[in-house]
Participant: 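Mind having a look at this structure? Questions to follow.
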Amino acid sequence: MKIYAPRMFLRTCLALSALILAPLASAATKPLKIGFAQTGAESAWRTANTESMKSEAAKRGIDLKFADGQGKPENQIRAVRSFVAQGVDVIIIAPIETTGWEPVLREAKAAKIPVIVMDRSIDVSDESLYACFIGSDFAEEGRMAADWLAKHTNGKGRILELQGTTGSSAAGERKRAFAEGIAKYPDLKVIDSQSGNFGRELGKQVMEAFLKKHGRNFDIVYAHNDDMALGAIQAIEAAGLKPGKDVMIVSIDAVREGVEAVVAGKINCTVECNPLFGPKAYDAAAKLAAGQPVLPRKQFNKDELFDATNAAAALPIRKY
Amino acid sequence: MSEAQAHSFWRSPVIWPLAGILALVLANLLHDRSVAFLSVTVSDGHLYGSLIDIFSQGSRCMLVALGMTLVIAVSGVDLAVGSIMAIGGALAAILLTQHSAPLVLAVAAALAVTAAAGLTSGLLVAGLRLQPIVATLILMVAGRGVAQLITDGNVVTIQRPGFEFLGNGYLIGLPFSAVLVAVLYLIVNTVLRRSALGLFIEAAGDNETASRFAGLAVARVKCLAYVASGFCAGLAGLLAASNIRAADPLTSGTNMELDAIFAVVVGGTALTGGRFSLLGSWIGALLLQTLTVTMYNLGVAPAVAPVPKALLIIGVCLLQSEKSRRWLGGLWRKPV
């Protein structure tokens with residue numbers, strides 16, 4: 001033991017100095033290291049979201065650790081835990097579920113790694129467990145759709161609503177805010193509302209049932225996303241009506257096919273739910289890594305509205 | 001109808017799902033206070049109405065239930081049908097759009113692949129003797145991933161008139177998909193009942209060991225049932241994709257395995273295997289679709305809709321059970 005002691009001491013000194021110096025050196029030369037736990041690849045919207053995060057990271061020279069949760073919350077928690085172990089500078093989470101985040105977020109906090117929650121919100125008892133939230137304002141989208149309708153119908157019309165998945169925050173907020181938005185117009189009423197589960201198949205099936213039930217005694221279809229609107233359009237056409245003319249169609253998401261349908265005159269207006277989170281997320285991450293707070297704590301991506309006036313011009317430059 | 005025939009009619013398990021459909025139709029008529037629900041008009045040279053919708057939209061579940069009946073009859077279960085639907089639709093869509101393959105080729109390729117997927121499950125169950133639930137669960141989970149891989153996770157829009165006809169076309173005024181499925185049911189029923197194959201299936205499901213000792217190739221019969229289930233699910237996937245003119249690998253066929261199992265069980269085929277009723281499964285699927293359309297027509301809020309659905313399903317199942325029927329009968333029969 002005795003013989004090796006000086007060498008041990010030297011080694012310990014070296015290791016210690018490396019430990020102390022490493023962060024200093026990395027702050028000067030190393031790029032920002034960010035861990036991003038994505039939900040999965042469940043929709044075109046999500047794919048565009050991932051693409052935006054990856055391309056913007058490449059543009060800014062950020063070292064991005066990307067983890068695909070494949071729709072499973074436990075995968076995401078494992079990914080965040082490994083980000084903490086790797087000692088990334090900032091962690092970004094697009095949560096699959098709202099609950100179950102406390103333990104792993106505490107680990108991140110103990111390691112002094114700031115966390116950004118993206119797209120969907122989370123439920124935690126201690127709000128200081130994450131630094132900020134960047135998301136889509138579902139309520140604002142519903143409100144924009146309501147305002148557009150009120151303006152273009154002079155506040156008159158019978159509305160059939162196609163809801164998104166029951167219990168999802170997107171469907172809940174888009175329904176509530178839309179109802180509030182049209183409440184000012186007594187002649188603008190939702191006469192029936194059913195869930196189309198955010199999909200084309202059920203969107204079409206529910207619309208078929210609506211057409212039998214209400215005949216032609218309705219004027220407007222409000223769909224919580226483009227997929228359901230595209231399904232409903234097929235049912236309306238099969239019933240011999242002209243979508244966009246005989247029936248006014250208002251939708252949310254503005255995916256490529258949705259905007260194309262606006263250009264073709266089959267959807268009257270679609271409110272964008274912008275998936276391009278990259279720039280905003282990394283702006284916040286850079287601030288947090290430099291030790292500055294991000295204010296306000298809740299930030300929303302700016303959403304646009306596409307109707308006959310601007311859809312054709314917007315189509316060629318759309319990224320998704 | 002002779003007395004014996006009348007007796008067997010009332011004992012038939014098909015009577016209860018039929019009663020369920022009748023009750024639902026009645027509920028619609030009472031709610032509307034008119035016969036609007038039953039009205040069928042002619043529009044654009046084809047029939048138009050709620051009843052027609054039930055048959056055309058219910059055709060996919062009927063088709064999946066056809067294959068599921070055979071699998072359940074050999075005392076198995078196929079949980080992979082929903083994912084296989086997604087694979088079938090996705091594959092056809094990619095072949096039709098990106099490779100501009102001829103329609104017949106795309107459909108044949110999709111059906112061949114989905115039948116092969118069924119064969120995989122069959123080999124796992126009959127060859128490696130895995131539990132059917134475990135063996136098909138593998139494909140249920142992995143299959144949806146495969147479907148999303150095929151289309152790169154995107155919804156693929158298909159614009160081919162020939163393909164659109166499958167799920168949207170009309171044959172002498174009737175929805176083509178419903179006619180196609182009904183014809184398939186007739187063919188399968190005839191083949192199974194006219195040949196020894198039906199008996200083989202029932203024997204393999206009823207008592208596997210005894211059947212093997214009797215010289216029946218039980219493993220082959222079981223495998224065949226899973227292949228049939230894969231084929232039916234694949235065709236249902238094509239109908240689904242054709243119906244919305246797009247293949248959606250994420251949502252196509254979700255929960256279809258549950259719907260199909262429900263249709264089969266309500267139709268009087270026991271989950272323990274053995275005797276099966278194809279007519280029963282067809283009517284079971286019809287009941288399920290009637291239920292869905294009724295929920296829309298009555299305007300039941302989507303958050304509440306599962307409750308009346310569950311109640312009706314429990315009701316039909318209770319009426320089918322010998323024991324609960326006897327108990328109910330005892331309520332108004334005087335004790336001797």
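These numbers come from the heavy atoms of this one structure, side chains and all, not from hydrogens, waters or symmetry mates. Labels below follow one simple rule: chain letters A, B, ... track the order of the sequence lines, proteins then strands, and each chain is numbered from 1. Since the structure is predicted, the reported quantities are computational estimates derived from the model, not experimental observations.
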Participant: Which bit of Ala235(A) comes within less than 4.5 Å of chain B, counting heavy atoms only: side chain, backbone, both or neither?
Facilitator: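 It is neither, since no heavy atom gets under 4.5 Å.
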Participant: Could you tell me which portion of Thr254(B) (side chain, backbone, both or neither) has an atom closer than 4.5 angstrom to a non-hydrogen atom of chain A?
Facilitator: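 No part of Thr254(B) comes within 4.5 Å of chain A.
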Participant: Can you tell me which portion of Gln70(A) sits under 4.5 Å from chain B's heavy atoms? Options are side chain, backbone, both or neither.
Facilitator: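 Looking at Gln70(A), nothing touches chain B.
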Participant: Please classify the contact of Arg144(B) with chain A as side chain, backbone, both or neither, using a heavy-atom distance under 4.5 Å.
Facilitator: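 For Arg144(B), there is no contact with chain A at all, as no heavy atom is under 4.5 Å.
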Participant: Checking Asn297(B) against His31(B): is there a side-chain donor and acceptor pair closer than 3.5 Å?
Facilitator: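 His31(B) vs Asn297(B): no donor-acceptor pair found between side chains.
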Participant: Just do the side-chain contact (heavy atoms from CB on, under 4.5 Å) check on Phe138(A) and Cys273(A) with the steps written out, would you?
Facilitator: CA-CA 8 Å; Phe138(A) 299 135; Cys273(A) 181; 4.3 Å; yes
Participant: Top residue by heavy-atom pair count (under 4.5 Å) with chain A, among Val293(B), Asp32(B), Thr251(B), Val300(B)?
Facilitator: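 Most heavy-atom pairs within the cutoff with chain A belong to Val300(B).
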Participant: Does Phe176(B) have its ring centroid less than 6.0 Å away from the ring centroid of Tyr170(B)?
Facilitator: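 Not under 6.0 Å, so no.
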Participant: Does atom CD1 (Ile133(B)) have a neighbourhood of more than 12 heavy atoms from anything else shown, all under 6.0 Å?
Facilitator: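 Counting neighbours around CD1 of Ile133(B), 12 or fewer heavy atoms of other residues, nucleotides or ligands fall under 6.0 Å, so no.
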Participant: So which part of Thr166(A) gets closer than 4.5 Å to some heavy atom of chain B, the side chain, the backbone, both or neither?
Facilitator: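 Only the side chain of Thr166(A) comes within 4.5 Å of chain B.
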Participant: Is it the case that the side chain of Ser100(B) and the backbone of Thr97(B) share a donor-acceptor pair, with hydrogens and angles ignored and the cut-off at 3.5 Å?
Facilitator: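 Absent.
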Participant: Would you mind checking which part of Leu298(B) comes under 4.5 Å of any heavy atom in chain A, side chain (CB onward), backbone (N, CA, C, O), both or neither?
Facilitator: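 Contact with chain A: backbone only.
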Participant: Is it the side chain or the backbone of Asn168(B) that comes within 4.5 Å of chain A heavy atoms, both, or neither?
Facilitator: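 Only the side chain of Asn168(B) comes within 4.5 Å of chain A.
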Participant: Can you tell me if Thr270(A) and Asp226(A) form a side-chain donor-acceptor pair at under 3.5 Å?
Facilitator: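 Result is yes, a qualifying pair exists.
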Participant: Is it the side chain or the backbone of Glu164(B) that comes within 4.5 Å of chain A heavy atoms, both, or neither?
Facilitator: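 Neither the backbone nor the side chain of Glu164(B) comes within 4.5 Å of chain A.
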Participant: On the 0 to 90° scale, with breaks at 30° and 60°, tag the Phe218(A)-His214(A) ring pair as parallel, tilted or perpendicular.
Facilitator: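 Perpendicular.
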Participant: Which one of Asp68(A), Asp119(A), Asn49(A) satisfies the side chain to side chain donor-acceptor pair (under 3.5 Å) criterion with Gln38(A)?
Facilitator: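 It is Asn49(A), the one option of Asp68(A), Asp119(A), Asn49(A) that forms the side chain to side chain donor-acceptor pair (under 3.5 Å) with Gln38(A).
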Participant: Given heavy-atom pairs under 4.5 angstrom as the criterion, report whether the side chain, backbone, both or neither of Ala36(B) touches chain A.
Facilitator: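 Neither part.
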Participant: With a 4.5 angstrom heavy-atom cut-off, could you sort out which part of Ser39(B) is near chain A: side chain, backbone, both or neither?
Facilitator: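 Neither part, no heavy atoms under 4.5 Å.
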